[in-house]
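Throughout, protein chains are lettered first and strands after them, A, B, ... in sequence-line order, and every chain is numbered starting at 1. Computed from a prediction, not measured in an experiment: that's the story for all the values here.
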Amino acid sequence: MKITLQKHIKYFSKKFNINFLLMLLVLILASNYNSISAEKKILRWAADSESGAPYVFEDESKQGVQIGFEVDIIKEICRMLDYQPAFFQNQWDGLIPGLDRNDYDVAINGIEITDERKDKILFSIPYYITFEQLVVRKDDNHIKNLKTLKGKAVGTLSSSLAETILKELEGVEIRTYESEYNSFTDLKLGRIDAVLIDAPVAIQYAKPDPELKFVGPEIKQLSYGIAIKLNNIDLKNSIDSAIRVMTNTGKLKEILTKWSLWEPDLWNKLMDVHTANSNIIKIESQIKKSNKTFSERVQPYINWLPELGKAALLTLNISLLSMILAMAFGLMLVLLRVFAPTPISKLTVVYIELIRGTPLLMQLFFIYYVFPVHLGIKLDPFVAAVIGLGLNYAAYEAENYRAGLFAVPRGQIEAAISLGMRKRDTLKHIVFPQAIRLVIPPMTNDFISLLKDSSLVSVIAMVELTKAYGKFSSTMYDYIVPGLIVAAIYLLLGLPFVKIAKWAENKFSHDKKRS
Amino acid sequence: MQKAKFDQAETIVKVTDLHKYFNGNHVLKGVSFEIKKGMLISIIGRSGCGKTTLLRCLNSLEVLDSGTIEVAGITLSRELKEMPSNDSAKNKKDSRFAGMPFSDFTKHDEVDADFNNKTRIIRQRVGMLFQSLNLFPHLTVLGNLIKAPMIVKKTSKEIATNEALILLEKVGLETFKDRYPNQLSGGQAQRVAIARALAMNPQVMLYDEPTSALDPELIVDVMQVMKQLHDEGMTQIVVTHSMQFAKIASDLIIYMEEGKIVEISTPEEMFTNPKDERTKNYLSILFE
């Protein structure tokens with residue numbers, strides 16, 4: 001007893017000293033920043049709010065407002081360092097590349113501190129330490145631990161520690177998901193046999209679910225850190241100090257407790273599953289909505305409509321501008337292909353085959369993530385999206401034009417040049433007007449296809465319609481109603497253009513009609 | 001019959017030792033002839049004798065390979081540097097244009113800009129009626145007539161339209177000006193195609209098989225238009241299979257065989273007393 005008391009006193013004095021010193025350091029650093037600019041500095045922080053609870057996710061009742069334990073941590077850090085936090089939405093996979101692009105200063109979203117990542121970015125000291133949890137269906141008595149996974153299909157999040165662990169196992173079929181909700185849905189549907197996932201996610205989504213259960217021991221240890229751009233050591237030091245202070249003052253405990261993530265053993269970098277079992281704030285409230293009235297249930301959906309409208313407008317803007325670019329650039333390509341000297345003509349063929357033969361998604365990644373780092377071309381997401389889609393579709397449009405041009409009979413050109421017309425006049429006045437009618441139907445086809453392909457630009461941090469759908473449904477815990485709404489929006493966006501194309505086709509096709 | 005009438009007229013077409021090859025085939029083997037202003041000439045001969053190629057060479061739809069062509073004051077002259085062969089690099093290059101309608105353009109790249117300019121002037125002064133007519137399907141009858149004058153000669157739309165309406169009246173189709181080509185009968189389309197060529201105000205008219213696709217009663221309409229032009233002093237060269245047409249309408253008939261001109265005679269001479277055995281042979285087969 002005596003010894004313990006002494007230990008406590010010693011401990012407290014030590015703690016006090018550390019705290020005092022750290023506080024001082026933070027204050028000095030903060031005042032330094034203040035002296036540089038009179039205004040409050042902005043800390044741009046990124047996360048994927050679609051990645052869900054309890055990390056960073058969109059408030060069900062307030063659109064555009066992020067909540068989650070990481071949001072609270074960032075806010076606390078900003079308060080201590082006297083920053084103004086500014087949120088930046090990005091796809092989870094794009095969080096670290098986005099740091100390279102300098103789109104934001106830090107990324108926080110359950111990013112595990114790994115050696116590979118340490119090469120690319122700085123990590124703050126861990127603000128949370130946890131483990132991987134194996135989740136199975138309630139009625140499954142076969143899977144007990146990692147060893148019993150052989151021959152089973154196991155879901156996890158892409159590019160996570162769990163995925164790495166699963167890859168080391170033999171005979172396991174790995175299915176990676178963008179959203180944890182999808183993985184649990186597939187587990188319940190029997191599409192997969194187990195989910196290996198970070199414990200906080202498992203606690204949040206699977207623990208309250210009566211159809212699922214946890215099995216096996218804690219697997220590995222993983223630490224979440226805040227990702228910081230490689231050369232920003234000052235910021236890292238400030239954030240590290242802030243995290244130390246939060247930990248020591250109990251502020252971190254307060255935040256984690258609020259999100260049911262606090263474990264007594266966290267001090268010793270260990271965690272006890274049982275204590276994580278207490279109050280689950282988020283998901284339980286969403287599952288237990290049985291006694292809500294109809295309007296109460298409908299209201300959240302209606303709240304989402306403005307956001308969907310915004311996303312639809314973005315989709316339409318991107319699609320229209322890309323299509324205009326594709327039509328103009330495609331025309332240039334076909335003219336060069338058909339009329340330019342052979343070497344240039346060959347180049348256009350190479351371009352067309354290269355673009356048609358590689359995935360659009362990869363091209364977008366290149367334009368958005370590779371170009372800025374290696375070529376110094378940093379494009380705004382919107383511009384990158386339009387250019388990426390436009391250059392891609394130009395290859396298809398060039399071929400459409402070519403088909404149209406070739407379909408105009410040779411006699412038409414002979415007639416025109418026998419009347420003394422020049423080559424370019426013949427093309428402009430005789431060939432193109434006849435080719436246009438032939439080209440309209442395949443181009444309309446391409447535009448409709450482009451409208452939907454524009455969903456791929458969500459990988460470059462744009463919240464267009466499909467991304468909005470993902471956020472919408474993962475927040476609402478409902479994929480059907482948002483899905484139907486979004487599908488209807490896509491359909492409605494495309495239909496007017498189908499009508500316009502029909503009209504244009506008729507206008508250009510009087511030669512086919514007899515009165 | 002009226003050959004003497006043209007003795008004093010100036011020469012408007014003069015072809016000297018014209019050669020033309022297609023992929024190594026010698027299609028025209030040294031063709032020479034002269035045509036006086038105002039004449040109507042028929043070119044007859046078996047299929048593949050080169051008569052259509054000759055016609056197309058006259059307005060450079062086919063570029064001559066060697067020889068001299070003087071048409072309406074413009075002289076085109078080329079000397080053959082090497083024998084074109086079947087497997088030349090040029091043919092390989094053109095293979096990427098296989099089946100496409102632009103091969104004419106690429107072919108013209110082989111000659112220099114001066115030559116190209118001359119061919120364009122010739123084409124403005126020489127009207128051509130194609131066997132398949134090639135009316136522009138996306139334009140109305142009026143549009144077909146005014147397009148070239150407006151683009152090539154920069155004629156204003158009002159003037160071009162006025163002249164086009166006069167021409168349509170001449171061919172009896174003024175009420176059809178707003179129709180599209182597919183709304184015309186064969187005979188009407190033929191006359192529109194003639195009017196389109198005339199809209200450029202040519203000095204020479206070339207016709208490729210003008211009557212072959214027409215019903216007999218429509219041939220009369222077209223012949224009437226040609227007769228009217230003849231009376232106005234238009235020089236006309238007609239490739240035809242119709243001996244009747246050649247006999248009735250021509251001042252002179254050219255008979256061709258295997259890329260060469262065998263005989264140039266008036267219709268009486270040609271049909272009653274051909275000078276050459278080969279002509280005699282051809283006509284006797286035809287009228288058997």
Where the side chain of B:N134 meets the backbone of A:Q412, is there a donor-acceptor pair that is under 3.5 Å apart?
-> no
Subject >> Main-chain N/O of B:F136 paired to A:Q434 side chain as donor or acceptor, under 3.5 Å >> reply: no
Atom pair [atom1] ([X]) and [atom2] ([Y]), whose distance is rounded to the nearest 0.5 Å:
X: A:D425; Y: B:K147; atom1: CG; atom2: NZ; result: 9.5 Å
X: B:R120; Y: A:L419; atom1: CZ; atom2: CG; result: 12.0 Å
X: B:R196; Y: A:S418; atom1: CZ; atom2: OG; result: 6.5 Å
X: A:I417; Y: B:M128; atom1: CD1; atom2: CE; result: 10.5 Å

Per-residue tally against chain A (heavy atom, under 4.5 Å) across B:V126, B:L135, B:T140 peaks at B:L135
Heaviest contributor of heavy-atom pairs below 4.5 Å to chain A, chosen from B:N59, B:I121, B:I151, is B:I151
For A:K502, is the NZ atom crowded, meaning more than 12 foreign heavy atoms sit under 6.0 Å from it?
no
message = Taking atom OH as the centre, does A:Y351 end up with more than 12 heavy-atom neighbours from other residues, nucleotides or ligands that are less than 6.0 angstrom away?
response = yes
Interface check, chain B: of A:M421, A:K428, A:H429, most non-hydrogen pairs under 4.5 Å belong to A:H429
- prompt: Is the shortest heavy-atom distance from the side chain of B:H138 to the side chain of A:I430 under 4.5 Å?
  reply: yes
